[in-house]
Amino acid sequence: MAADLWTSVVSLAGVALGGGLTALAQRSAERVEERRQTIATTESRRAEQIAVLKEFVSCAQAAERAAYRRPDPWGDDEDGWMTQTGPVMTALWTASANVTLLCDEALRGPVTTYGHALNAAVWRDIGDVEVNEHLEEAKTAFMNEARASLAGP
């Protein structure tokens, strides 16, 4: 009878140990999957942020080119400059909004400041200052903050 009791106790202990190890392994696998999903989400978000920053930089360059091409003096739509520049500036402001929406909050100020500087350069609200000189500070601040934002914590 004692042997039957010991067999039952050992059997029960084996079942309990096996169940405990299975639960531990399952929880460990769940943690690994959670970490994998977190990493995948972070990488996807970073790729999205890089894409909107690239788009903004591309639109900023198009706006800068428009500022350099602006006829002086200008009046009517000379050589289609205004017709071509309107969509360029719309794309810039759309790209700026995308950066504000999808990127780090710290980029909001620099992207807005750079956009306003580009807008002033395009419409020549900069007096006798050269376009590149007018844009340099805002462009540098934006690029530095974008770089810091992409570097992460």
Side-chain angles (χ1 to χ4, degrees), residues 14-153:
V15 168
L17 180 62
L21 290 175
T22 300
L24 182 65
Q26 184 176 0
R27 182 62 190 138
S28 178
E30 288 172 358
R31 278 192 230 129
V32 167
E33 179 60 20
E34 286 172 3
R35 271 189 247 121
R36 188 197 65 75
Q37 287 180 355
T38 299
I39 290 169
T41 300
T42 300
E43 288 174 358
S44 174
R45 181 80 170 169
R46 179 173 162 68
E48 187 177 47
Q49 291 171 342
I50 289 170
V52 298
L53 286 169
K54 282 179 160 181
E55 180 63 21
F56 178 77
V57 169
S58 175
C59 290
Q61 290 302 310
E64 194 170 331
R65 282 191 301 276
Y68 280 110
R69 283 194 332 266
R70 181 171 176 225
D72 195 26
W74 70 296
D76 293 331
D77 191 10
E78 297 184 26
D79 298 325
W81 180 84
M82 286 182 68
T83 302
Q84 295 168 6
T85 302
V88 167
M89 296 309 291
T90 298
L92 175 72
W93 291 118
T94 301
S96 171
N98 288 337
V99 170
T100 299
L101 179 66
L102 296 172
C103 293
D104 189 77
E105 178 72 24
L107 278 169
R108 174 178 279 182
V111 78
T112 301
T113 301
Y114 187 29
H116 284 245
L118 284 161
N119 192 66
V122 165
W123 303 113
R124 291 284 161 81
D125 293 332
I126 59 175
D128 292 335
V129 178
E130 290 293 323
V131 170
N132 62 333
E133 185 180 334
H134 170 73
L135 295 175
E136 189 62 33
E137 184 178 332
K139 184 177 189 177
T140 300
F142 164 73
M143 291 295 201
N144 288 342
E145 193 59 49
R147 191 176 303 106
S149 172
L150 290 173

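Excluded from the calculations below are hydrogen atoms, water molecules and symmetry mates; all remaining heavy atoms, backbone and side chain alike, are included.
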Of all heavy-atom pairs linking Phe56 and Ala95, the shortest is CA-CB, 3.7 Å
Between Cys59 and Ala91 the two heavy atoms that sit nearest each other are SG-O, 3.6 Å
- Ignoring hydrogens and angles, tell me if any N or O in the side chain of Thr100 forms a donor-acceptor pair with the backbone of Ser96 under 3.5 Å. yes
Residues at least two apart in sequence or cross-chain that pass side-chain hydrogen bond (donor to acceptor under 3.5 Å, both in side chains) with Asp125, listed by chain then number, are none
Across all chains, not counting sequence neighbours, the side-chain contact (heavy atoms from CB on, under 4.5 Å) partners of Thr90 are Thr94
Hits for salt bridge (charged side-chain N to carboxylate O under 4.0 Å, His left out) against Arg36, two or more places apart or cross-chain, chain-then-number order -> Glu33
What one should report as the nearest heavy-atom pair of Leu118 and Ala63 is CD2-CB, 4.2 Å
Here the salt bridge (Lys or Arg N to Asp or Glu O under 4.0 Å) pairs for residues 42-60, sequence neighbours left out, are Arg45-Glu48
Those residues at least two apart in sequence (or on a different chain) that pass salt bridge (charged side-chain N to carboxylate O under 4.0 Å, His left out) with Arg65 are none
Enumerate donor-acceptor pairs with a distance under 3.5 Å from any side-chain N or O in residues 128-135 to protein atoms, sequence neighbours excluded.
| unit_1 | atom_1 | unit_2 | atom_2 | d |
| --- | --- | --- | --- | --- |
| His134 | NE2 | Ala117 | O | 3.1 |

Arg31 meets the side-chain hydrogen bond (donor to acceptor under 3.5 Å, both in side chains) criterion, sequence neighbours left out, with none
Side-chain donor-acceptor pairs of residues 102-110 under 3.5 Å, sequence neighbours excluded:
| unit_1 | atom_1 | unit_2 | atom_2 | d |
| --- | --- | --- | --- | --- |
| Asp104 | OD2 | Ala106 | N | 2.9 |

So the salt bridge (Lys or Arg N to Asp or Glu O under 4.0 Å) pairs with at least one residue in residues 85-96 (sequence neighbours excluded) are none
Between the CG atom in Leu53 and the CZ atom in Arg147, the distance rounded to the nearest 0.5 Å is 11.5 Å
Output for pair (Asn98 CG, Gln49 CD), nearest 0.5 Å, gives 12.0 Å
Residues at least two apart in sequence or cross-chain that pass side-chain contact (heavy atoms from CB on, under 4.5 Å) with Thr42, listed by chain then number, are Thr38
Note: Ala66 and Trp81 closest approach over all heavy atoms is O-NE1, 3.0 Å
Glu64 meets the salt bridge (charged side-chain N to carboxylate O under 4.0 Å, His left out) criterion, sequence neighbours left out, with Lys139
So the side-chain hydrogen bond (donor to acceptor under 3.5 Å, both in side chains) pairs with at least one residue in residues 110-121 (sequence neighbours excluded) are Asn119-Trp123
